[in-house]
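Data first, discussion second: the structure below is written as structure tokens.
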Amino acid sequence: MAVRVDLRTTASLLGTVLKGLAWPLGVLALVALGYGESPVPFAAPLVPSVVLGEGLERLERGDTGPREAFLLVALAWLSVALVGSIPFVLAGTGVLAHPVNALFESMSGITTTGATVILAFEVHSRSILLWRSVLQWLGGLGILVLAVGLLSRLSVSGAQLMETETQTRNVTKLTPRIAGTARLLGGLYVGLTALLVLVLLGLRVVGMAPNMGPYNAVAHALTTVSTAGFSPEPASVGAFSPAVQWVVILFMIVGATNFVLLYYLAHGDPSRLRESEEFRFYLAILASATGLIVAALAFEEGVSGLDTVRHAVFQAVSIFTTTGYATVDFDAWPPLARHVLLIGMFVGGMAGSTTCSIKTLRWLVVAKAFRRDLFTAIHPEAIRPIRLSGRPIDEGTIRDVYTYTLVSVVIFAFLTVFVIVDAARVGLALGEFEAMGAAASTFLNIGPAFGIAGPYGSYESFPVSTKLVMIVLMWVGRIEIVPVLVLFTAAFWRS
Amino acid sequence: MRVVIVGAGQVGSSIAASLDADHEVVVIDNDADRVESLTYSLDVLTIEGDGASLATLREAEIEDADLLIASTDDDETNIVACATAKTASDAFTVARVKRTNYLDTWQEAGGAFGVDFMVCTNLLAAETMVRVIGLPAAQDVDVFAEGRVVMAEFCVPEGSPVAGRTVAEADHFPELTFAAILRDGDIVIPTGESSIEVGDELIVIGTPENARTFAGDLAPGRDEDSKDIVIVGGSEIAVEAARLLEDRGLHPRLVERDPDRARELAEQLAGTTVMASDATDREFLQREHIGDADVVIAALGSDEKNLLATLLASRIGVPRTVALVETAEYTDLFEAVGVGAAINPREATAEEIIRLTRDGRTENVAIVDHDRAEVLEIEIGEDSVLAGRPIRESAADLPTRVTIGAITRNGEFVTPRGDTVVEVGDHVVVFAETEAIDTVASQI
């Protein structure tokens, strides 16, 4: 039977993506030269990616249907991860010299996860550590374009929900053309990143951040707005002053906010953000999580003033927004605080942001649908549409949300079991809580977890097989499961 | 005044009937039978044809008309008729529509489609229903003088404490006038000695508070607020009624049989609990405790279904029922067999349009007892027979069967008594039989 997917069109579009990678690789090569480091790790993959990209791009391009788009999305993230790992292998320093570690780091980057295999940061060159941040920033940009541009056209539930929630008839149509919308939101993303760089440097100028140099300002801005979480500092954001930490908290919250709403806010229309039910829900969740953690810490160790609050807010925001920075080793926190963070991994930020995980919009719909179910249990004839910000959403979308949430939890459960079994196979001592944390943190694209994979630990010591499975699931989780799993159905390939 | 009426249905013909004595009336309808019957019953010129076509309107000499009333049963035809008339004439155009979205557009645009005045049947009917619900035991309620005066029609129920008393005994209210009693098809203008009997229909005019207290006297135990309201049927009027109730902070329940329509309604009505079920399903009625509701409104597609639904509701213990009745002749029948109030959507529309056709001073009109009588609100001018004289004196100059029900002066309620002096600028609310209306309107 003939394959019904237009592989030429998909390959041609993929070629454009690969060719586009020449820009970041080129910039990094120049950065490496500037720091007196070898530009070869970046220059070497630049040539084949341009040649291959150019070659693929020349293929005949037809109409992009849903199948081509799904395939493109899946392959784009996979191939960028593969190309992104080449500089790590070529640099050959530390654990990154191993191809699986390199791919893990690269996939963790492009999926804005932030799980790292690095424990000894000092052996790596500045340009290599910056490359991790650049990958995350590209991943954040990619997911924004994907959310507004492609997922809505592919009828993946999140996008339709987002349209209701942002009170936009069609999120892809802030401008009449999708490309225009993507450019607007991309511009906003670039602008926010630039703003954060300036703010961080400004703090240094006024003496509130003595160790925040231009290198760190750029590296952290790239991974904050993308809610991704790689840091070139072994102590993560804990290496910087409290002022920097508060600024990073604010920008993580902004990065986890729906960019369509941010767009309207930037254009002087705060009403949509104010009226957004999801935004209030998201802030309420962040506030209660912080409150719980502060209470847990105060109970265990006594309140040490603003520091406790800052650490609680920082860790809660960092985990809930799926960023993954740390200012303290939260693995050493009391059980209540650690478990709030584990649960938080499943929450995520708002739909239409750079965050990963299940997202507050889905949880809001699940909560409302369940409340409705409780009502209809007593009044079976009652018809109660679920409303978001006052506008009804259709039942098909609610079913999709239920399914997505359930499938996410099931995949997490299977991954947890696999991590435990695989660790036992090689004799790695791993508790169940640690395994759950590592599974959730990779599949839901948060980054750090607990135990060996804690905020100041690394994923290096997991068996190679576990790392490979995690690489695949970071990929699956980032692009909202469907675009990858659909490739494994017969219906996708045949008519 | 030359008036062209497009559509000789219930609304069109009742407007024609109220105008034919004093104005040149031309009625256009595309139904030959209707045109013919109207030719004989009213003193009007009739034309058979399409009221939305310029040729027909020309035939009706639209160029010389002062007023065009488009009142067919089709919204679009009415709007097009107005727009067409505007191309050839300066006549004031009135369109009757059912759907509120046309009204919304018209209001939002500050006038649109060449329509100078738009009357929305569904909205008016819903408003009437909600008003009636607001006053216990009432069959009809109309408001005057910006809500300071109400006209209410009550039926004296069996066992009412008021039955058997005289008007003087029953009327211990300072701000309420007993305007008329409808008994066995006759209109009685009551005096203090007139007795009130079971089955009488009382027309009272006064302040909303006094009317309310009187309703409590008339039917004790029903005077608490109606909070739990069930609407049966998902017609457009039902939607409007639910919306009006929501605006008052109530959370009505609405029962619609078709699940798709129910879903549609549920999406429109955020404050209403919509249920997809047959309202005659006893098990459903029991499970949802419909019998405990304060009021059941039947707004289904047909009069027969509305009758059944309200009777069933009464049987399971609902104290008050309101039914929508499309056929005007059925309203009495409905109320006779036990429907609390039967509301005809076209009546409110006709009232609204007739109000427009009266000369400048008539502010409001309510039609009573199938147009046998009317209640008018009139602003007193210099040349009014009432101006500057006590009512006792001026009464002699008015036709006999007229009652002055209420007066408002600078927004304050004034109870009309024999020695009350009416001033220029007062608003008076009068009850008058239809044959005396035109005299009354010109004298006051």
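Below, chain A is the first sequence line, B the second, and so on; all start at residue 1.
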Against chain A, label B:Arg287 side chain, backbone, both or neither, depending on which of its atoms sit under 4.5 Å from a heavy atom there.
side chain

In terms of heavy-atom proximity below 4.5 Å to chain A, should B:Glu256 be classed as side chain, backbone, both, or neither?
neither

Chi angles and distances behind the side chain to side chain contact (heavy atoms under 4.5 Å, CB included) call for A:His379, B:Thr273:
CA-CA 10 Å; A:His379 302 285; B:Thr273 302; over 6 Å; no

Counting only heavy atoms not in [X], do more than 12 fall under 6.0 Å of its [atom1]?
| X | atom1 | value |
| --- | --- | --- |
| B:Arg257 | CZ | no |
| B:Tyr330 | OH | no |
| A:Phe375 | CZ | yes |
| A:Lys368 | NZ | yes |

Between A:Ala382, A:Pro385, A:Pro380, the one whose heavy-atom pairs under 4.5 Å with chain B are most numerous:
A:Pro385

Do B:Met275 and A:Ile383 come within less than 4.5 Å of each other through their side chains, counting heavy atoms only?
no

Check A:Asp394 against B:Arg263 and note the closest heavy-atom contact, atom names and distance.
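Looks like CA-NH2, 3.9 Å.
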
Are A:Arg387 and B:Glu267 close enough for a salt bridge, meaning some N to O gap below 4.0 Å?
no

